[in-house]
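Counting starts at 1 for both ligands and their atoms, following the listed order. Both backbone and side-chain heavy atoms feed into the values below; hydrogens, waters and symmetry mates do not.
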Amino acid sequence: VSIAPPGRAALRPAIVIPFYNHERAIAHTVTGLRPYRLPCWIVDDGSDPRCAPELERLLREEGEWLHLLRYQPNLGKGEAVMRGMRAAAEAGHTHAVQIDADGQHDPGDLARMLEQAVEHPLAVICGVPVYDRTVPKSRLYGRYVTHVWVWINTLSLEIRDSMCGFRVYPLGPALHVWNSQHIGRRMQFDTDILVRLYWQGLRVINVPTRVTYPIDGVSHFDLWRDNLRISGMHARLFFGMLWRLPRLLGRRLKG
Ligand SMILES: Nc1nc2c(ncn2[C@@H]2O[C@H](COP(=O)(O)OP(=O)(O)O)[C@@H](O)[C@H]2O)c(=O)[nH]1
Ligand SMILES: [Mg+2]
């Protein structure tokens, strides 16, 4: 599938869904994405065996647009997203839509995100969560801490929310930073790669999108371990920012 208005570079997007034990929500997510007719990679590393029948049923019933990439052991969301992106790039795609498996995001908003990607093919198109009342408050504080660190570490307010699991990446730059820098493989991935792409000079386009409670009620975010990983990441990014200070200030002055 190629989306390109006259005069613009062709966009060949694919979808990547990191999947870990969301077997009760994945069908809903896949069904919502079907109308876009984009190839989609579900990437599963080490989910419980109880998930296999549901994944296999979806593959059988949905047909050739859906691919399943499976490996062991479990290496985290970031590693899964990147393996999916590599598969998409090898199949000739230029962009990857990353969307969580658990039904928290509204696939209906993908059309608006793809329009932005056509308009800005070298930018990261980032969902900015608009929460409804079903979302638990326990993580909102942690989110705010991350927002402030990201603003410090980019010397900019351009990234409105670095943790949303719904975005469109240009594959070339995403694979390049992944291969050349040390990026966290678990839940810190979404923030880590976004800051590093910003440092590379990419723009971030923010698209508000509704986020609801996961339809299966399951989260694999570990409040202690993942917040600890995220704190370590902010510290590393802080030193990376100091090193890039002249360039980041120069970009501010120009922009
Ligand atoms: N493949 C893979 N996917 C993961 C892993 N951890 C989380 N995910 C996926 O990443 C997305 C976000 O995870 P989720 O459990 O919903 O965490 P939350 O949204 O941060 O509460 C979901 O699509 C998960 O299936 C993992 O270790 N491996
Ligand atoms: Mg979730």
- request: Give, for atom CD of E79 and atom CG of D45, the distance between the pair rounded to the nearest 0.5 Å.
  value: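 E79 CD to D45 CG: 8.0 Å, rounded to 0.5 Å.
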
Might you point out which heavy atoms bring [X] and [Y] nearest each other, and give the distance in Å?
{"X": "C126", "Y": "R167", "answer": "SG-NE, 3.8 Å"}
{"X": "A91", "Y": "W41", "answer": "CB-CH2, 3.8 Å"}
{"X": "R196", "Y": "V177", "answer": "O-CG1, 4.2 Å"}
{"X": "D192", "Y": "H182", "answer": "OD2-O, 4.1 Å"}

query: So, the side chain of H95 versus the backbone of V168: is there a donor-acceptor pair under 3.5 Å, distance only?
result: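 It does not hold such a pair.
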
query: With distance as the sole test, does T209 use its side chain to make a donor-acceptor pair with the main-chain N or O of D109 at under 3.5 Å?
result: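 No, because the side chain of T209 does not come within donor-acceptor range (under 3.5 Å) of the backbone of D109.
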
- request: Test the R229-F189 pair against the cation-pi criterion, namely NZ or CZ under 6.0 angstrom from the six-membered ring centroid and within 45° of the ring axis.
  value: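 R229 over F189 ring: no.
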
For ligand 1, which atoms, with element, lie under 4.0 Å from some heavy atom of [X]?
{"X": "D102", "value": "16 (O), 19 (O)"}
{"X": "H220", "value": "14 (P), 15 (O), 17 (O)"}
{"X": "A80", "value": "1 (N), 2 (C)"}
{"X": "N74", "value": "26 (C), 27 (O), 28 (N)"}
{"X": "Q104", "value": "19 (O)"}

Contact with ligand 1 for E79, non-hydrogen, under 4.0 angstrom: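 For ligand 1, residue contact (heavy atoms, under 4.0 Å) with E79 is absent.
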
field: Proximity flag P214 to ligand 1, non-hydrogen atoms under 4.0 Å
entry: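 Per 4.0 Å heavy-atom rule, P214 does not contact ligand 1.
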
- prompt: N/O/S atom of Q104 under 2.8 Å from the Mg ion (ligand 2), yes or no?
  reply: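 So Q104 does bind the Mg ion (ligand 2) by this criterion.
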
- prompt: Which of these, P18, S219, G46, has its nearest heavy atom closest to atom 22 (C) of ligand 1?
  reply: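 Among P18, S219, G46, the closest heavy atom to atom 22 (C) of ligand 1 belongs to P18.
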
- prompt: Could E56 and R70 be called an ion pair, given the rule that one side-chain N must be under 4.0 Å from one carboxylate O?
  reply: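 Salt bridge between E56 and R70, a charged N being under 4.0 Å from a carboxylate O: yes.
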
[X] contact mode with ligand 1 (heavy-atom cut-off under 4.0 Å):
{"X": "V43", "value": "backbone"}
{"X": "K77", "value": "both"}
{"X": "F19", "value": "backbone"}

- request: Return yes or no for this condition: an N or O of A101 is under 3.5 Å from an N or O of ligand 1.
  value: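 Yes, at least one N or O pair falls under 3.5 Å.
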
- prompt: Less than 3.5 Å between some nitrogen or oxygen of D44 and one of ligand 1, yes or no?
  reply: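 Looking only at distances, the answer is no, because the N/O contact criterion of under 3.5 Å is not met.
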
message: So, of the N/O/S atoms that D102 has, which is the nearest one to the Mg ion (ligand 2)?
response: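 Result: OD2.
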
- prompt: Do the ring planes of W151 and Y144 sit parallel (below 30°), tilted (30 to 60°) or perpendicular (above 60°)?
  reply: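 Ring orientation of W151 relative to Y144: perpendicular.
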
